[in-house]
Asker: 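Can you read through this structure? Questions will come right after.
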Amino acid sequence: MSSVDMRGASFISMLESIEELRGSAIARRVVEEFPTTLRTQVESGAITRVGWYPMRDFAALHAACDRVVGGGEPFAFELGRVGTDRDLRGLLRFILSITSPDLLTRHADKIMLAYVRGVTGRVERHTPTHSSIFFEGLVGANRLVHAGWAGGIHRMIERCGGEDVSVERQARGDDVTFEIRWR
C-alpha cells in the first residue's frame, strides 16, 4: 500500500477557515483534539503550505473538528468552500474569473492531484455542463474529507461563473467519484 499525502496548504487553509467561521477559541479547541504528533506539528509551525503530510492526519483534523464543532458533512462542505476562497486569492482568483467551468473541469483531476499525491485521478465523463471525476486509492480519507473537497469544487465552479452548481459524491472503499453539474 502506497502512502497518500495532502499538501500542507490544505491543513493550513482548513485551520484558518475554522477560525474564520467559529472563532479562535473553537479553532484552538479543535487543535487540542488532534493526536499528539499532529498537534505538536501544528503548534510548532512545522506544517508548511508546500509540504506533504499523511492523508490520515488530514482526516484526523476533520474528525477533531467534527467532535468540537459538530455539523458533520455539511460543515465540512462549508469548510471546503471557505478554504478554497482563502486559497484563491490574487492571481488564482483572476485566472478563475477568466476561465469557464467547462475548461476547469476538463482538468479537475490534474488540479486535485496538485493537492494530493499517491492516488490516481481521471475525468471519466465530460460535457459543457457536467463532469464526472474519479479518484482511486484515497487511503486514509473519510466522508468528511470527501465533503470538504466537494465544497472546494463547488466554490471553484462558482468562481468560474457556474450557476446552480451541484457536486455529488459516491465513495466505494478508498475510491470516490465526484459528479459535478452546473449551468
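Along the sequence shown, residues carry numbers from 1.
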Asker: Do you know the tightest heavy-atom contact between Phe34 and Val42?
Answerer: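 Residues Phe34 and Val42, closest heavy atoms: CE1-CG2, 3.8 Å.
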Asker: Taking the side chain as everything from C-beta on, heavy atoms only, tell me whether Cys65 gets closer than 4.5 Å to Ile18.
Answerer: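 In contact.
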Asker: Is there a side-chain contact between Val123 and His107, using heavy atoms and a 4.5 Å cut-off?
Answerer: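 Sidechains of His107 and Val123: no contact.
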Asker: Say you draw a straight line from CD of Glu78 to CZ of Arg155; how long is it, rounded to the nearest 0.5 Å?
Answerer: 9.0 Å
Asker: Would Glu33 and Arg28 count as a salt bridge (charged side-chain N to carboxylate O under 4.0 Å, His left out) here? Give the steps.
Answerer: CA-CA 9 Å; Glu33 282 286 316; Arg28 178 70 201 142; over 6 Å; no
Asker: Can you hop from Phe134 to Ile153 via hydrophobic side chains spaced under 4.5 Å?
Answerer: no
Asker: Side-chain heavy atoms nearer than 4.5 Å, only ILVMFWY residues, links allowed to pass through others: does that put Leu103 and Ile180 together?
Answerer: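 No, Leu103 does not connect to Ile180 through the hydrophobic network.
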Asker: Would you call Leu138 and Met55 a side-chain contact if the rule is heavy atoms closer than 4.5 Å?
Answerer: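 Yes, at least one pair of side-chain atoms sits under 4.5 Å.
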Asker: Has Asp66 got a side-chain atom pairing as donor or acceptor with Gly72's backbone, closer than 3.5 angstrom?
Answerer: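 Yes, Asp66 side chain to Gly72 backbone: donor-acceptor pair under 3.5 Å.
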Asker: If the threshold is 4.0 Å, N to carboxylate O, is there a salt bridge linking Glu20 and Arg86?
Answerer: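 Here Glu20 pairs with Arg86 in a salt bridge, since their nearest N and O are under 4.0 Å apart.
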Asker: What heavy-atom pair brings Arg169 and Arg143 nearest, and what distance separates the two atoms?
Answerer: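 Here Arg169 and Arg143 meet closest at NH2-O, 3.9 Å.
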Asker: Is Gln170 atom CD crowded by more than 12 heavy atoms from other residues, nucleotides or ligands, each under 6.0 Å away?
Answerer: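 Check fails, neighbour count at 12 or below.
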Asker: Could you tell me whether the side chain of Trp149 and the main chain of Met112 form a donor-acceptor pair under 3.5 Å?
Answerer: no
Asker: Could you tell me the separation between the CG atom of Leu79 and the CD atom of Glu73, rounded to the nearest 0.5 Å?
Answerer: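 So the CG of Leu79 and the CD of Glu73 are separated by 12.5 Å.
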Asker: Using modelled atom types and a 3.5 Å cut-off, is there a donor and acceptor pairing between side-chain atoms of Ser17 and backbone atoms of Ser13?
Answerer: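 Yes; judged by distance alone, with no hydrogens or angles, the pair exists.
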Asker: Say you draw a straight line from CG of Leu104 to CD1 of Ile111; how long is it, rounded to the nearest 0.5 Å?
Answerer: 4.0 Å
Asker: Rounded to the nearest 0.5 Å, what's the gap from CD on Gln41 to OG1 on Thr37? Could you check?
Answerer: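 If we round to the nearest 0.5 Å, Gln41:CD and Thr37:OG1 are 7.0 Å apart.
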Asker: Quick check on the hydrophobic clustering: are Val31 and Leu144 connected, directly or via other members, by side-chain heavy-atom contacts under 4.5 Å?
Answerer: no
Asker: Is there a donor-acceptor contact under 3.5 Å from the side chain of His146 to the main chain of Ala171?
Answerer: no
Asker: So how far is it from Phe178 CZ to Phe135 CZ, rounded to the nearest 0.5 Å?
Answerer: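 Rounded to the nearest 0.5 Å, the CZ-CZ separation comes to 6.5 Å.
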Asker: Looking only at heavy atoms, which two atoms of Leu61 and Phe11 are closest? And how far apart?
Answerer: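 Heavy-atom minimum between the residues: CD1-CD2, 3.8 Å.
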Asker: Do other residues, nucleotides or ligands put more than 12 heavy atoms under 6.0 Å from Tyr115 OH?
Answerer: no
Asker: Are Phe77 and Leu15 linked, directly or through other ILVMFWY residues, by side chains that come within less than 4.5 angstrom of each other?
Answerer: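 The answer is no; the residues belong to distinct hydrophobic clusters.
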Asker: Distance from Asp174 atom CG to Asn142 atom CG, nearest 0.5 Å?
Answerer: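 CG of Asn142 is found 11.0 Å from CG of Asp174.
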Asker: For residues Glu158 and Glu163, determine if any side-chain heavy atom of one lies less than 4.5 Å from a side-chain heavy atom of the other.
Answerer: no
Asker: The test is side chain to side chain contact (heavy atoms under 4.5 Å, CB included); show your working for Leu113 and Val119 and say whether it passes.
Answerer: CA-CA 8 Å; Leu113 295 175; Val119 302; 3.4 Å; yes
Asker: Which heavy atom in Cys160 sits nearest to a heavy atom in Pro101, and how many Å separate them?
Answerer: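 Reported closest heavy-atom pair: O-CD, 3.3 Å.
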Asker: Might you work through the side-chain hydrogen bond (donor to acceptor under 3.5 Å, both in side chains) test for Ser100 and Asp102, ending with a clear yes or no?
Answerer: CA-CA 5 Å; Ser100 67; Asp102 177 47; 4.8 Å; no
Asker: Going through the distances and angles, do Arg122 and Asp109 end up as a salt bridge (charged side-chain N to carboxylate O under 4.0 Å, His left out)?
Answerer: CA-CA 5 Å; Arg122 67 181 174 272; Asp109 55 334; over 6 Å; no
Asker: Salt bridge or not for Asp85 and Arg159, using N-O below 4.0 Å?
Answerer: yes
Asker: Looking only at heavy atoms, which two atoms of Tyr53 and Thr48 are closest? And how far apart?
Answerer: OH-N, 2.9 Å
Asker: Do NZ/NE/NH1/NH2 and the carboxylate oxygens of Glu32 and Arg67 come within less than 4.0 Å?
Answerer: no
Asker: Okay, side chain of Thr127, backbone of His130: is any donor-acceptor separation there less than 3.5 Å?
Answerer: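 Confirmed, Thr127 side chain pairs with His130 backbone.
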Asker: Quick test of your reading of the model: are Arg125 and Glu179 salt-bridged, counting only N-O distances below 4.0 Å?
Answerer: yes
Asker: Looking at every heavy atom in both Asp175 and Glu136, which two are closest together, and how far apart are they?
Answerer: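 Closest approach of Asp175 to Glu136: OD1-CA, 3.3 Å.
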Asker: Would a single hydrophobic cluster contain both Ile47 and Trp52, if residues Ile, Leu, Val, Met, Phe, Trp and Tyr are joined by side-chain heavy-atom contacts under 4.5 Å?
Answerer: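 As far as the 4.5 Å side-chain criterion goes, Ile47 and Trp52 are not connected within one cluster.
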